[in-house]
Amino acid sequence: MRFAVDRIDHVVLHCQDIEITAAWYQRVLGMEREAFDAGGEQRTALKFGGQKINLRPAAADRQAWITSAETPAGSADLCFVTAVGAPEVVRHLRACGVAAVDGPVGRTGALGPMRSVYCRDPEGNLIEIASYLAD
């Protein structure tokens with residue numbers, strides 16, 4: 001029997017400071033913060049669309065939370081798709097006091113050509129904000 005993956009449900013970011021990271025994603029990317037219980041332990045997630053990002057303390061007990069072999073904060077590259085063009089993304093980042101590290105630049109996403117703007121979150125993760133709209 002064969003199967004195929006349908007979509008990504010969630011990803012986990014390893015964080016030095018969950019509060020600062022959660023606040024950044026809420027303020028800059030408009031994500032909704034959610035507290036949830038995982039086996040008696042309170043955890044934090046950021047929801048958007050039909051997906052979420054779970055935030056895991058980088059120093060958390062590895063026995064309490066099964067995770068990747070290495071858990072350094074700031075080691076992820078994430079791409080988020082937005083319904084506005086790259087110039088509006090640049091204006092929004094500036095208004096939030098967030099420096100763009102690259103872009104707008106042309107890239108190829110899962111659905112074809114897109115325009116991307118890159119920045120970094122407070123943990124140092126590379127954040128790509130992409131649009132399939134023409135500028």
Side-chain angles (χ1 to χ4, degrees):
M1 174 181 207
R2 294 182 60 137
F3 74 95
V5 172
D6 180 52
R7 64 183 176 89
I8 292 176
D9 181 80
H10 71 277
V11 297
V12 177
L13 288 182
H14 304 281
C15 305
Q16 293 298 326
D17 192 317
I18 286 179
E19 294 304 316
I20 289 173
T21 300
W24 188 90
Y25 278 86
Q26 288 176 286
R27 180 176 60 87
V28 177
L29 299 181
M31 294 183 184
E32 179 184 335
R33 184 178 179 149
E34 173 187 73
F36 67 101
D37 181 74
E41 181 182 338
Q42 280 295 97
R43 297 191 181 166
T44 300
L46 300 160
K47 296 180 78 172
F48 60 101
Q51 296 82 39
K52 70 176 185 166
I53 298 172
N54 291 340
L55 301 181
R56 178 191 180 278
D61 178 3
R62 296 179 69 78
Q63 301 302 321
W65 188 328
I66 188 166
T67 190
S68 56
E70 299 293 326
T71 59
S75 61
D77 294 353
L78 302 171
C79 178
F80 299 104
V81 175
T82 185
V84 301
E88 190 170 332
V89 170
V90 170
R91 284 192 295 277
H92 175 73
L93 290 176
R94 283 188 188 136
C96 290
V98 175
V101 296
D102 196 13
V105 294
R107 296 290 187 250
T108 302
L111 302 177
M114 60 187 190
R115 299 285 289 163
S116 296
V117 177
Y118 294 85
C119 63
R120 293 197 185 277
D121 74 7
E123 298 288 345
N125 295 300
L126 182 65
I127 305 301
E128 178 181 357
I129 305 169
S131 174
Y132 285 98
L133 302 175
D135 285 346

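Numbering of residues begins at 1 and proceeds along the displayed sequence. Just so it is clear, the values below take in all heavy atoms, side chains as well, and ignore hydrogens, waters and symmetry mates.
Using a 4.5 Å cut-off on side-chain heavy atoms (C-beta onward), Tyr118 and Ile127 make no contact. Between Asp9 and Gln51 the shortest side-chain heavy-atom distance does not fall below 4.5 Å. Side-chain contact between Phe80 and Met31 is present, with at least one heavy-atom pair separated by less than 4.5 Å. Using a 4.5 Å cut-off on side-chain heavy atoms (C-beta onward), Leu55 and Val12 make no contact. Looking at Tyr25 and Glu32, their side chains never come closer than 4.5 Å, going by heavy atoms from C-beta outward. The closest side-chain heavy-atom distance from Val101 to Leu126 is below 4.5 Å. Contact annotation: the side chain of Arg94 never approaches that of His92 to less than 4.5 Å [non-hydrogen atoms, C-beta and beyond]. Taking the side chain as every heavy atom from C-beta outward, Val11 and Asn54 never approach each other to under 4.5 Å.
Follow the hydrophobic side-chain contacts under 4.5 Å out from Val84 and you reach Val90 in the same cluster. Grouping the Ile, Leu, Val, Met, Phe, Trp and Tyr side chains by contacts below 4.5 angstrom, directly or via other members, places Leu29 apart from Ile20. Note on Leu46: it clusters hydrophobically with Ile18, by side-chain heavy-atom contacts below 4.5 Å among ILVMFWY residues. In the hydrophobic cluster analysis, where Ile, Leu, Val, Met, Phe, Trp and Tyr join through side-chain heavy atoms closer than 4.5 angstrom, Ile8 is grouped apart from Val81. At a threshold of 4.5 Å between side-chain heavy atoms, the hydrophobic network of Ile, Leu, Val, Met, Phe, Trp and Tyr places Phe48 and Val28 in one connected group.
The minimum heavy-atom distance between Arg33 and Thr44, with the atom names listed, is NE-CG2, 3.7 Å. Summarising the geometry of Glu128 relative to Ser116, their closest heavy-atom pair is OE2-OG, 2.6 Å, with the distance given to 0.1 Å. Closest non-hydrogen pair, Gly106 versus Arg115, comes out as N-NH1, 3.2 Å. Between Pro122 and Thr21, the shortest heavy-atom contact is CG-CA, 4.4 Å. Counting all heavy atoms, side chain and backbone alike, Ala110 lies closest to Tyr132 at N-OH, 3.2 Å.
Asp102 and Arg107 are joined by a salt bridge, as a carboxylate oxygen and a charged side-chain nitrogen come within less than 4.0 angstrom of each other. Taking 4.0 Å as the cut-off between side-chain N and carboxylate O, Arg43 and Glu34 do not count as a salt-bridged pair.
Side-chain atoms of Gln16 never come within 3.5 Å of backbone atoms of Ala73 as a donor-acceptor pair (strictly under, hydrogens ignored). Between the side chain of Arg7 and the backbone N or O of Gly50 there is at least one donor-acceptor pair closer than 3.5 Å. Side chain of Asn125 to backbone of Ser75: a donor-acceptor contact under 3.5 angstrom is found. A side-chain donor-acceptor contact under 3.5 Å links Arg27 to the backbone of Cys96.
A distance of 8.0 Å separates CD of Glu123 from CG of Leu13, quoted to the nearest 0.5 Å. Note that the CZ atom of Phe36 and the NZ atom of Lys52 stand 4.0 Å from one another [nearest 0.5 Å].
Residues that satisfy the side-chain contact (heavy atoms from CB on, under 4.5 Å) test with Ser131, not counting sequence neighbours, are Thr82, Leu133.
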- Item | Worked verdict on Val117 versus Val105 for side-chain contact (heavy atoms from CB on, under 4.5 Å) | CA-CA 7 Å; Val117 177; Val105 294; over 6 Å; no
